[in-house]
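For clarity, every value in this text was computed on a predicted model and none was experimentally measured.
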Amino acid sequence: MLRAKFGIEIEFTGITREKAAEIAASFLNGTYEEGGTYYDTKKVTAPDGRVWKFMSDGSINCQRKSQGRRVAAGRDYSVELVSPILSYRDDIATLQELVRRLRRAGAFTNSSCGIHIHLDGKDHSPRSIKNFINIIASKNDLFYKALEIAPQRMVYCKKMDGILIEKLKKQKPTTMAELEDIWYDGYNDSRRTHYHNSRYHFLNLHSFFTGHHTVELRGFNSILHAGKIRSYIVLALAINNQALTQKCASAKKPQVENEKFAMRTYLNRIGFIGSEFANCREHLTAALTGSAAWRYGVA
């Protein structure tokens, strides 16, 4: 389940884009350069040629710390880390250590920040994309509670559209072109628009149909806790693998009496088995007991 390539975007504030890039360049033994784009991108090219970017994002509430308190800051404190293409086994340790170093340097998150995970779409078929949609639809409520998606972020990661699910049931698409038409049906803006309104869902297929052919999961509050970020990545890879390997998936929401038990059962079913994923299981079920001791940016 961990074989698929992925990329991650992590939004934060507390330090400037320039400082974040300098930290990454030092850690990665990379080369820092100005991106010179609309997003005031700072680029770090690692020795392996891959580029790590630190970009501005207009949705981030910029802050810094002054005398131990968070205060308003300028737009240079808006930071979105955009990773290159990564693989879990080769790169997770590097990503986690980079996150730790950024945090130690003063970076933190708030309720305006999110994490987006992009999954390589090359192996997906119409069947697996329909599976992905149905899996997210059936687990919508459980995921939103387990991940404690902040109300402020709901506008950027809405739940799966029930109308879309009904269209899939009724029209029974068998080709990518048919799926694409259903995905964009009902929107007035051109599907070639980069910031298309269909993208602001937990599952974003706009990037799959018209972007870099990636399936994006947007339902994560940002946090600079290396273990929780790992848990989010493993969850995304496991759901992706479920969509690829399952013959079919239902969008029907199951009856749930014990949410923690339901989430643990689901995680075991999609591969969170053994001691390697013990911490991941705990991170992804803690909120369902009401005992979660962390919030934005707090380990």
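If you take CG on L168 and CD1 on I133, they are separated by 5.0 Å, rounding to the nearest 0.5 Å. Between atom CZ of residue R264 and atom CG of residue N258 there is a gap of 10.5 Å, rounded to the nearest 0.5 Å. Atom-to-atom distance recorded for L102:CG and L224:CG is 7.0 Å, nearest 0.5 angstrom. Summarising the geometry, atom CZ belonging to F54 is positioned 11.0 Å from atom OG1 belonging to T16; distances are rounded to the nearest 0.5 Å. The CZ atom of F261 lies 15.5 Å from the OH atom of Y266; values are rounded to the nearest 0.5 Å. The structure places CG of L179 at 13.5 Å from CZ of F132, a figure rounded to the nearest 0.5 Å.
L284 and L288 fall within a single hydrophobic cluster, where Ile, Leu, Val, Met, Phe, Trp and Tyr are joined by side-chain heavy atoms under 4.5 Å apart, directly or via other members. When hydrophobic clusters are built by joining Ile, Leu, Val, Met, Phe, Trp and Tyr residues whose side-chain heavy atoms come closer than 4.5 Å, directly or via intermediates, I92 is grouped together with L28. Each of Y187 and L205 belongs to its own hydrophobic cluster when Ile, Leu, Val, Met, Phe, Trp and Tyr are linked at side-chain heavy-atom distances under 4.5 angstrom. Residues L2 and F220 share a single hydrophobic cluster, defined by chaining ILVMFWY side chains whose heavy atoms lie under 4.5 Å apart. Put simply, V215 and I8 are part of the same group of oily side chains (I, L, V, M, F, W, Y) that touch within less than 4.5 Å, one to the next.
Taking all atoms of both residues into account, the shortest heavy-atom contact from G114 to E11 is N-OE1, 2.8 Å. Of all non-hydrogen atoms in G121 and F208, the two that sit nearest each other are O-CE1, 3.7 Å. Nearest approach of I15 to G106, heavy atoms of both residues: CG2-C, 3.7 Å. In plain terms, the two heavy atoms of S112 and S59 that are nearest each other are CB-O, 3.6 Å. Residues A146 and A287 share a closest heavy-atom pair of O-CB, 3.7 Å. The minimum heavy-atom distance linking D123 with L244 is given by the pair O-CD2, 3.4 Å.
No donor-acceptor distance shorter than 3.5 angstrom exists from the side chain of T214 to the backbone of H118, with no hydrogens or angles considered. No donor-acceptor pair under 3.5 Å is formed between the side chain of R17 and the backbone N or O of T41. In this structure, the side chain of D189 engages the main chain of N197 through a donor-acceptor pair within 3.5 Å. Side-chain N or O atoms of Q171 include none that pairs as donor or acceptor with a backbone N or O of P173 at under 3.5 Å. A side-chain donor-acceptor contact under 3.5 Å links H225 to the backbone of G227. Of the possible donor and acceptor atoms, none in the side chain of D91 sits under 3.5 Å from a partner among the backbone N and O of T94. Formation of a donor-acceptor pair under 3.5 Å by the T109 side chain with backbone atoms of S222 is found in this model. The closest donor-acceptor contact from the side chain of S26 to the backbone of I23 lies at 3.5 Å or more, if one exists at all. A donor-acceptor distance shorter than 3.5 angstrom exists from the side chain of S190 to the backbone of R192, with no hydrogens or angles considered. A side-chain donor-acceptor contact under 3.5 Å links E178 to the backbone of T175.
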- Task: Decide side-chain contact (heavy atoms from CB on, under 4.5 Å) for E33 and T31; before the verdict, give the C-alpha distance in whole Å, the side-chain angles of both, and the deciding distance to 0.1 Å.
- Result: CA-CA 7 Å; E33 63 178 313; T31 304; 5.6 Å; no

- Task: Decide yes or no on side-chain contact (heavy atoms from CB on, under 4.5 Å) for N134 and S250, but give the supporting numbers first.
- Result: CA-CA 6 Å; N134 287 332; S250 171; 5.9 Å; no

- Task: Walk me through it: do E282 and K260 pass the test salt bridge (Lys or Arg N to Asp or Glu O under 4.0 Å)?
- Result: CA-CA 10 Å; E282 289 302 317; K260 182 175 182 180; 5.0 Å; no

- Item | H213 vs D120, side-chain contact (heavy atoms from CB on, under 4.5 Å): CA-CA, chis, key distance, verdict | CA-CA 7 Å; H213 205 60; D120 185 5; 5.6 Å; no

- Task: Take R64 and S66 through the side-chain contact (heavy atoms from CB on, under 4.5 Å) test and state the conclusion after the steps.
- Result: CA-CA 7 Å; R64 61 181 177 84; S66 176; 3.8 Å; yes

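Residues R230 and C280 are in side-chain contact: their nearest non-hydrogen atoms beyond the backbone lie under 4.5 Å apart. Between H283 and Y232, every side-chain heavy-atom pair lies at or beyond the 4.5 Å cut-off. Side-chain contact between F6 and I85: absent, with no pair of heavy atoms (C-beta onward) separated by less than 4.5 Å. You'll find the side chain of K122 stays beyond 4.5 Å of the side chain of K5, heavy atoms only. Inter-residue side-chain proximity for R199 and N204 is flagged as met; some heavy-atom pair is nearer than 4.5 Å. Between Q242 and I135 the shortest side-chain heavy-atom distance falls below 4.5 Å. Side-chain contact between L119 and I239: absent, with no pair of heavy atoms (C-beta onward) separated by less than 4.5 Å. Between M1 and V234 the shortest side-chain heavy-atom distance falls below 4.5 Å.
Checked against the 6.0 Å centroid criterion, the rings of H196 and Y184 qualify as a close aromatic pair. Within the 6.0 Å centre-distance limit, the rings of F202 and Y144 are counted as a close aromatic pair.
The salt bridge (Lys or Arg N to Asp or Glu O under 4.0 Å) test with K42 singles out one residue from E80, E22, E34, E18, and that residue is E34.
No salt bridge links E259 with K139; every basic N to acidic carboxylate O contact stays at or beyond 4.0 Å. Here R75 does not pair with D40 in a salt bridge; the nearest charged N to carboxylate O distance is not below 4.0 Å. A salt bridge links D185 and K167; the closest N-O separation between the charged side-chain nitrogens and carboxylate oxygens is under 4.0 Å. A salt bridge does not link K170 to E166: none of the charged nitrogens lies less than 4.0 Å from a carboxylate oxygen. With respect to D181 and R191, a salt bridge is recorded, a charged nitrogen being found less than 4.0 Å from a carboxylate O. Salt-bridge annotation for K228 and E148: absent, with no side-chain N of the basic residue lying under 4.0 Å from a carboxylate O of the acidic one.
Between the side chains of W52 and S83, not a single donor N or O lies within less than 3.5 Å of an accepting N or O. There is a side-chain donor-acceptor pair under 3.5 Å between N240 and H124. Under 3.5 Å, the side chains of H206 and E216 contain no donor-acceptor pair of N or O atoms.
Taking the six-membered ring where the residue is Trp, Y156 and Y200 present perpendicular rings, their angle passing 60° and hence far from 30°.
Surrounding NZ of K130 are more than 12 heavy atoms belonging to other residues, nucleotides or ligands, all under 6.0 Å away. The neighbour count for R69 CZ, taken as heavy atoms of other residues, nucleotides or ligands under 6.0 Å away, does not exceed 12.
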